[in-house]
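Structure first, commentary second.
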Amino acid sequence: MANPLLSDRVARSTKVPSSHVRAVGDRPDLANVDHESGASIPLIDLKQLEGPGRRRVVEAIGSACENDGFFMVTNHGIPEAVVEGMLSVAREFFHLPESERLKCYSDDPKKAVRLSTSFNVRTEKVSNWRDFLRLHCYPLESFVDQWPSNPPAFRQVVGTYSTEARALALRLLEAISESLGLDRGHMVKAMGRHAQHMAVNYYPPCPQPELTYGLPGHKDPNALTLLLTDGVSGLQVQRDDRWVAVNPVPNALVINIGDQLQALSNDRYRSVNHRVIVNSESERISVPTFYCPSPDTVVAPADALVDDAHPRAYRPFTYQEYYEEFWKMGLQSASCLDRFRRID
């Protein structure tokens with residue numbers, strides 16, 4: 001196998017390979033990005049989520065979901081040692097010898113555990129500046145034995161982090177339910193038996209970051225994404241046709257609404273276009289946790305969210321049906337949800 005991973009092919013490169021160069025009209029335009037902190041996404045302190053200030057926190061989450069689709073959370077409950085351990089073992093994995101990492105390699109997107117590059121090398125015409133390790137995480141006992149066994153602490157450290165991330169996702173789903181005026185447990189129940197995936201993303205330094213993307217503009221197909229980063233900038237969110245940089249905040253996680261929560265909220269809450277840019281100075285590691293309905297779940301909003309002013313926006317669909325359609329489309333600015341919109 002001849003260097004299928006980006007990080008091994010470009011370790012000493014001074015130019016972006018032609019396979020990764022975007023057409024002139026499809027480049028990041030890095031000079032036209034808003035880096036001002038006031039334009040960034042809301043920052044919400046979760047300390048009072050289980051306390052007497054719960055209503056204020058729930059309202060802040062609801063406002064962020066409605067107006068921004070993204071927000072950051074502090075005091076999220078995942079211990080600092082668990083977060084640091086996750087980032088450390090991720091970096092250790094991507095610094096293993098190529099022969100060791102390639103034991104996990106696959107270009108089959110249906111595999112529950114796989115190391116790959118870009119997004120979907122089987123179908124895309126231009127590659128992205130990213131290697132990634134994709135892991136299914138829930139139920140943990142169904143997948144952990146398939147995960148990499150090197151570094152030796154990988155399964156234990158990542159298992160602990162994924163369990164903590166799931167607990168946070170459930171707390172956020174309860175708050176989102178309440179913010180919509182629904183019973184606290186509605187969204188948790190609406191997602192059936194649940195599923196959880198994780199991507200451990202590795203973005204090597206790029207000699208010409210203006211020519212390519214870590215990931216181009218897209219919306220997440222799942223319900224809720226919880227993003228852990230190593231403090232290196234890269235995430236940008238689209239707002240009013242302008243890209244806004246999400247500047248890292250120490251000890252904060254980035255949360256965003258995915259397509260399934262947009263559908264379950266009957267368009268009250270928004271799944272927002274976002275992208276990842278790369279830089280020439282340093283590697284970047286990010287760990288998004290994708291919380292999803294189970295594949296057989298029928299995605300449909302609560303009756304309380306449907307009325308004359310808010311008619312049903314989408315036909316009912318299973319998450320399996322949606323996810324297959326998303327993979328056919330690939331990463332695009334266009335929303336896969338539009339393919340399921342009701343036309344009356």
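By the 4.0 Å N-to-carboxylate-O rule, Glu324 lies too far from Lys328 to be salt-bridged with it. Ionic pairing of Arg114 and Asp107 is not present here: no N-O contact between side-chain nitrogen and carboxylate oxygen is shorter than 4.0 angstrom. For the pair Lys111 and Asp108, the salt-bridge criterion is not met [side-chain N within less than 4.0 Å of a carboxylate O]. Electrostatic pairing of Glu321 and Arg339 does not count as a salt bridge here, judged by no charged N lying under 4.0 Å from a carboxylate O. By the 4.0 Å N-to-carboxylate-O rule, Asp8 lies close enough to Arg101 to be salt-bridged with it. Arg9 and Asp131 are not joined by a salt bridge, as no carboxylate oxygen comes within less than 4.0 angstrom of a charged side-chain nitrogen.
One distance of note links CG of Asn279 with SG of Cys206; it measures 8.5 Å at 0.5 Å rounding. Atom CG in Leu6 sits 4.5 Å away from atom NE2 in His20 (nearest 0.5 Å). With values rounded to the nearest 0.5 angstrom, Ile41 atom CD1 is found 10.5 Å from His274 atom NE2. Here Ile285 contributes atom CD1 and Arg91 contributes atom CZ; the two are 4.0 Å apart, rounded to the nearest 0.5 Å. For the atom pair Ser265 OG and Met187 CE, the distance stands at 6.0 Å (nearest 0.5 Å). Rounding to the nearest 0.5 angstrom, the gap separating the SG atom in Cys65 from the CZ atom in Phe70 is 11.5 Å.
A donor-acceptor pair shorter than 3.5 Å can be found between the side chains of Ser179 and Tyr269. A donor-acceptor pair shorter than 3.5 Å cannot be found between the side chains of Tyr203 and Arg130. A side-chain N or O of Arg275 and one of Gln236 form a donor-acceptor pair less than 3.5 Å apart. A donor and an acceptor atom, one from each side chain of Gln196 and Ser162, are nowhere located under 3.5 Å apart. The closest side-chain donor-acceptor pair between Tyr291 and His194 falls under 3.5 angstrom. Side-chain contact of His310 with Asp307: a donor-acceptor pair under 3.5 Å is present, judged by distance alone. Defined by atom type and a distance below 3.5 Å, a donor-acceptor pair is missing between the side-chain atoms of Arg342 and Tyr314. Side-chain contact annotation: Thr160 with Thr163, donor-acceptor N/O pair under 3.5 Å absent.
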Problem set entry | Derivation of the side-chain hydrogen bond (donor to acceptor under 3.5 Å, both in side chains) call for Glu283 and His95 | CA-CA 11 Å; Glu283 66 185 10; His95 288 178; 3.1 Å; yes
For this session: Under the side-chain hydrogen bond (donor to acceptor under 3.5 Å, both in side chains) rule, what do Ser88 and Glu84 come out as? Steps first, then yes or no, please.
Result: CA-CA 6 Å; Ser88 177; Glu84 290 177 351; over 6 Å; no
For this session: Test Val158 against Trp147 for side-chain contact (heavy atoms from CB on, under 4.5 Å), laying out the working first.
Result: CA-CA 9 Å; Val158 178; Trp147 291 359; 3.7 Å; yes
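Residues passing the side-chain hydrogen bond (donor to acceptor under 3.5 Å, both in side chains) test with Asp29: none are found, sequence neighbours excluded.
Residues Phe290 and Leu226 form no side-chain contact, since every pair of their non-hydrogen atoms from C-beta on lies 4.5 Å or further apart. The side-chain heavy atoms of Ser282 and Pro205, taken from C-beta on, include no pair separated by under 4.5 Å. Side-chain contact between Val299 and Thr318 is absent, with no heavy atoms from C-beta onward closer than 4.5 Å. Side-chain contact between Pro295 and Tyr323 is absent, with no heavy-atom pair separated by less than 4.5 Å. Taking 4.5 Å as the limit, every side-chain heavy atom of Phe119 sits out of range of all side-chain heavy atoms of Tyr213. With a 4.5 Å cut-off on side-chain heavy atoms, Arg134 and Val113 do not count as touching. When side chains are defined from C-beta on, Pro152 counts as touching Asn150, because their heavy atoms get closer than 4.5 Å. At a threshold of 4.5 Å between non-hydrogen side-chain atoms, the residues Leu227 and Pro288 count as touching.
Using a distance-only test at 3.5 Å, with no hydrogens or angles considered, a donor-acceptor pair links the side chain of Trp129 to the main chain of Pro204. The main-chain N or O of Trp243 is never found under 3.5 Å from a side-chain atom of Asp34 such that the two would form a donor-acceptor pair. Side-chain N or O atoms of Asp230 include none that pairs as donor or acceptor with a backbone N or O of Ser286 at under 3.5 Å. Between the side chain of His197 and the main chain of Ala195, no donor-acceptor pair closer than 3.5 Å is present. Judged purely by atom type and a 3.5 angstrom limit, Gln262 has no side-chain atom pairing as donor or acceptor with the backbone of Arg270.
Arg193 and Ser294 get closest at one heavy-atom pair: N-OG, 3.1 Å. Between Ala112 and Gln146 the shortest heavy-atom distance is CB-OE1, 4.2 Å. Considering every non-hydrogen atom in both Lys219 and Phe326, the closest pair reads O-CE1, 3.6 Å. Val200 approaches Ala90 most closely through the heavy-atom pair CG1-CB, 3.5 Å. Scanning all heavy atoms of the two residues, the minimum distance from Gly159 to Leu140 falls at O-CD2, 4.0 Å. In plain terms, the two heavy atoms of Gly214 and Asn128 that are nearest each other are O-CB, 3.2 Å.
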Show which side-chain atoms of residues 251-259 pair as donor or acceptor with protein atoms under 3.5 Å away, not counting sequence neighbours.
| unit_1 | atom_1 | unit_2 | atom_2 | d |
| --- | --- | --- | --- | --- |
| Asn256 | ND2 | Asp220 | OD2 | 3.1 |
| Asp259 | OD1 | Ser271 | OG | 2.7 |
| Asp259 | OD2 | Tyr322 | OH | 2.4 |

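Both Leu172 and Val82 are members of a single hydrophobic cluster when ILVMFWY side chains are connected at heavy-atom separations under 4.5 Å.
Each of Asp45, Val73, Leu46 was scored for a side chain to side chain contact (heavy atoms under 4.5 Å, CB included) with Val57, with one residue passing: Leu46.
Screening residues 55-79 for salt bridge (charged side-chain N to carboxylate O under 4.0 Å, His left out) gives Asp68-Arg239 as the qualifying pairs, with residues at least two apart or on separate chains.
In this structure, Phe93 and Phe154 have tilted ring planes: the angle between them lies in the 30° to 60° band.
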